[in-house]
Every structure is written in structure tokens, then in C-alpha cells.
Amino acid sequence: MTEDKGILIRNIYYMLAYAFQELRQNNYAEIEGERFDDIYDLFAEILTRGISYQLKQGLYREYVARNESMQTVKGKIDVNGTIVQRMRNSQKIACNYDELSENNTYNQILVTTASILIRHSDVKKEKKSQLKKLMLFFQNVQPIDIHSIRWNTLRFDRNNRNYRMLLYICYFIISEWLMTTDEGRFKLREFSDEHMCRLFEKFVLEYYKKHHPELKPCAAQIDWNIEKEQSTTNILPIMQTDILLTMSERTLIIDTKYYSHSMQKQYDKTTIHSNNLYQILTYVTEFDEDHKGKVDGMLLYAKTQEEIVPDGQLKRKDGNYIFFRTLDLNTDFDSIRRRLDNFVMKEI
């Protein structure tokens, strides 16, 4: 997406640092001063430091159900299992019990992701060696089938909250792998726009939360501006904003976009993606219930190498503005910060 990958990767670190405040603390701080030639090399460094820190704190353990035949009772007696033991002339008692174990989904994902990075050609040998040494402490943890991971069921509390950022990066890495049918091995794709879009969205929201709390940044849902008592359908889609900012009586709804091609071409004319425009228009008109023109929208694109990029604005007859803005991630972070500040200070 950019020519100077080194700058882009540095900014990916900054984006992650805003999305996950852990990267600005503890043993992650030194990463900011390093240079990375590949995003997976950056991920390997973050995982190495994160796993090292977690080992010092102690790996997360959770109760795992066990069934075992033993001389004394532990937990609850498994009656059917005990009968089987007696039929075998064994005096052992079959028991069901729960045991705290490191061999749980959270640690299994870390082990599997580390294995992927160790085999990845773009990760430096030094970092591979560091990961291999760390894996010696995971001998009781088994790898997990990446297709069986149910990411939406993972829950974080005070006992495992340090895993949140690490597993977010693991998700990025694992979801980029595909199973090849001919060789039966994993092959890594290029880092996708889909995952960068999610990171871009979270970064912009967290940036405004940190530097402009007066704007009350949030990712709010918008209600449909309909007469609910006279409406007979409940199948309308949810309108989930990326970023919603409020100052005094004015509101700005920002929808972030990260595409390889931020514009579309129809009939030899370069235009905004129609679906993007329809989406932000719907958000604005539905949120502006009284049609006072106090709600504006912005499509915020990550800059590509295209000659024409989104820039400009339109004003609806109700008074609402729709802004088209582009953020260049292939520049120093101070420029990115100034641009983000200008977006809201000028528009709101």
C-alpha cells in the first residue's frame, strides 16, 4: 500500500499502541526505537516481549475437567467408570474433577502463533531463536487447530486481561493463514486490508479518546428514525458507527476506510465508493432526527498510491456536511497527529 514500508510499519506500532495502551508500558516501550522491515517481524517482537512478561507474572490457568482412575476419591465419583474398573478386577475409583491447568485455549493460541512466526521467512533468525527459547516453558501446553478457535467466546477478566492485546495480534496472524490442499502446509498471505481496516478504526477512536476527551468519542449505535408503534418489522440492520464525536450542539460521525483502492471508476469517471457514501448519508440523516443540520459525517480513508484520493465536502439542503478526508500513514507520526487534530477542530 505504500512504498516506504519502514515508515508504515513504525506507524502500525503507533496504531497498536493507541489501540492497546499496554504497548506504552512495561517492557514494550523499547520497541518504539527499533526499525522493522516486515510487519510480522514487528509482531514477533511484540509477542516475544509479551510472552516473556507473562511468564514472569505466571501463565494464565483455568479449570479443566478431568476423568481419572485412582486409589482415593478426588472430586466426584464416576459411577459408571468405577463399575468398569470393578469388571476389570481393578480396585481403582473413577473420578471426575476440575484441575487448574496451563493447557487452555489462551495459552494454546500463543503456542500456535509462535510456531507460525518461527516458520515464517520474514521473521529474523534472532527473534525466531527467542521465541523457541520461550516455548520451552510451554511444554505442558498443546498447539490448537486454528480452524477450531472460537474467537468470539474468549473472555477477559482481571486474571487474564494481559492476554487481550497478545491474542488480538494472534488473531491477526492466524487469520492470515490458509491451508493448501496440495502440500498440506500453511501458507501466509499478504497482510490484508480487512485487518488493517479494523486496526485503523480502533486507532482513530482511541486517538480521539486520549487527546480530545472533550468531544466524548465513542462508537455508538444509531437508532432508526422511524415511528416504532406503526412499524411492523424488526429486521432492520444495526447502524454501528466507527467514531462519534460531539461538541456543544454539533455531532460528527466518522466512518474509517482502509482499501487498496479508495476510489471506484465508473464510465471513465473516478468517484467515491457508492456504498460508503450511502452508508454515511444514512447515519447522518437518521441521527439528525429533527433535520436541523447539526449532524455531519466524514469518510476517513487511509491514503493509497492512487493519483486521485478522497478530498472535499458536500452540503445537504438540510445543512448537514459530508466530508471526504484522507490520512497519509506513510509519513512521520507528528504529521498524522496534526492531520487528525485538524479534522475535528475544523469540522466541528
Side-chain angles (χ1 to χ4, degrees), residues 12-32 36 39-65 98-120 123 127-128 130-177 186 188 191 194-196 198-203 205-206 209-210 219:
I12 287 176
Y13 167 76
Y14 286 123
M15 293 164 71
L16 286 167
Y18 274 95
F20 299 97
Q21 294 300 314
E22 296 96 322
L23 277 177
R24 293 181 172 270
Q25 304 169 0
N26 301 325
N27 57 337
Y28 296 107
E30 297 177 1
I31 297 178
E32 183 176 348
F36 298 92
I39 189 171
Y40 294 99
D41 205 36
L42 169 63
F43 286 165
E45 180 66 21
I46 293 175
L47 281 184
T48 297
R49 291 175 180 266
I51 292 173
S52 297
Y53 177 78
Q54 199 57 53
L55 286 170
K56 294 177 182 177
Q57 300 297 311
L59 292 177
Y60 172 63
R61 298 189 300 167
E62 63 182 10
Y63 283 102
V64 177
D98 293 331
E99 181 180 64
L100 273 176
S101 173
E102 299 171 352
N103 189 31
N104 53 64
T105 303
Y106 299 83
N107 290 320
Q108 289 171 347
I109 291 175
L110 290 181
V111 168
T112 302
T113 306
S115 175
I116 291 172
L117 292 175
I118 288 170
R119 288 182 285 163
H120 187 8
V123 177
K127 292 185 175 59
K128 290 183 179 182
Q130 292 173 343
L131 283 171
K132 288 178 181 179
K133 290 179 181 178
L134 292 175
M135 290 302 101
L136 296 176
F137 296 93
F138 286 81
Q139 294 182 2
N140 296 326
V141 179
Q142 299 173 348
I144 190 171
D145 178 4
I146 61 174
H147 298 96
S148 69
I149 301 174
R150 294 183 294 173
W151 297 97
N152 60 340
T153 64
L154 298 178
R155 297 291 180 266
F156 300 94
D157 53 33
R158 62 186 180 88
N159 295 318
N160 64 357
R161 59 189 175 190
N162 291 335
Y163 279 70
R164 185 190 301 272
M165 184 268 296
L166 293 176
L167 293 193
Y168 186 86
I169 292 178
C170 289
Y171 171 75
F172 267 33
I173 297 170
I174 289 177
S175 59
E176 289 296 314
W177 282 66
F186 290 111
L188 198 62
F191 202 58
E194 177 186 357
H195 296 104
M196 280 305 301
R198 294 175 185 172
L199 178 59
F200 183 46
E201 170 191 333
K202 191 168 178 60
F203 155 63
L205 175 60
E206 295 302 324
K209 281 184 177 181
K210 180 175 179 61

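Worth saying up front: this structure is predicted, and the values here are computed from it rather than measured.
- The distance from atom OG of Ser115 to atom CZ of Phe138, rounded to the nearest 0.5 Å, is 13.0 Å.
- Contact annotation: the side chain of Arg198 approaches that of Tyr171 to within less than 4.5 Å [non-hydrogen atoms, C-beta and beyond].
- Side-chain contact between Phe36 and Ile31 is present, with at least one heavy-atom pair separated by less than 4.5 Å.
- Nearest heavy atom pair, residue Asp98 against residue Ala65, reads OD1-CA, 3.6 Å.
- Leu59 is listed as a side-chain neighbour of Tyr163, based on a closest heavy-atom distance under 4.5 Å.
- Expressed to the nearest 0.5 Å, how far CE of Met196 lies from CZ of Phe203 amounts to 10.0 Å.
- Taking each heavy atom of Met135 and Ile118 in turn, the nearest pair found is CG-CD1, 4.5 Å.
- In this model, no donor atom of one side chain and acceptor atom of the other lie less than 3.5 Å apart for Tyr106 and Gln108.
- Ile12 approaches Leu42 most closely through the heavy-atom pair CG2-CD2, 4.1 Å.
- With rounding to the nearest 0.5 Å, the separation of CD in Glu201 from CE in Met15 is 10.5 Å.
- From Asp41, atom CG reaches atom NZ of Lys128 across 9.5 Å, with rounding to the nearest 0.5 Å.
- Closest approach of Leu167 and Trp151 over heavy atoms only: O-CZ3, 3.7 Å.
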I'd like to know whether Leu110 forms a side-chain contact (heavy atoms from CB on, under 4.5 Å) with Asn107, so could you lay out the CA-CA distance, the side-chain angles of the two residues, the decisive distance to 0.1 Å, and finally the verdict.
CA-CA 5 Å; Leu110 290 181; Asn107 290 320; 4.1 Å; yes
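- Using a 4.0 Å cut-off between charged nitrogen and carboxylate oxygen, Lys209 and Glu206 count as a salt-bridge pair.
- In terms of heavy atoms, Ala219 sits closest to Leu205 at CB-CD2, 4.1 Å.
- Contact of the Ile116 side chain with the Cys170 side chain is not registered, since no non-hydrogen atoms from C-beta on lie closer than 4.5 Å.
- No side-chain N or O of Gln57 forms a donor-acceptor pair with one of Asn162 less than 3.5 Å apart.
- Summarising the local packing, OH of Tyr63 is surrounded by 12 or fewer heavy atoms from other residues, nucleotides or ligands at distances under 6.0 Å.
- Gln130 has its side chain within reach of Glu45: a pair of non-hydrogen atoms, C-beta onward, lies under 4.5 Å apart.
- Looking at heavy atoms from C-beta onward, Thr48 lies out of side-chain contact with Ile51 at the 4.5 angstrom threshold.
- Distance CD1/Ile149 to OG1/Thr112: 6.0 Å, rounded to 0.5 Å.
- By the 30° and 60° cut-offs, the orientation of the rings of Tyr168 relative to Phe172 is tilted.
- Put simply, CD1 on Ile173 and CD1 on Ile109 are 12.0 Å apart, with the number rounded to the nearest 0.5 Å.
- Nearest heavy-atom pair, Asn104 versus Tyr60, reported as atom, atom and distance to 0.1 Å: ND2-O, 3.1 Å.
- Considering only heavy atoms from C-beta on, Arg61 stays 4.5 Å or farther from Asn103 through its side chain.
- Taking 4.5 Å as the limit, some side-chain heavy atom of Leu16 sits within range of a side-chain heavy atom of Leu199.
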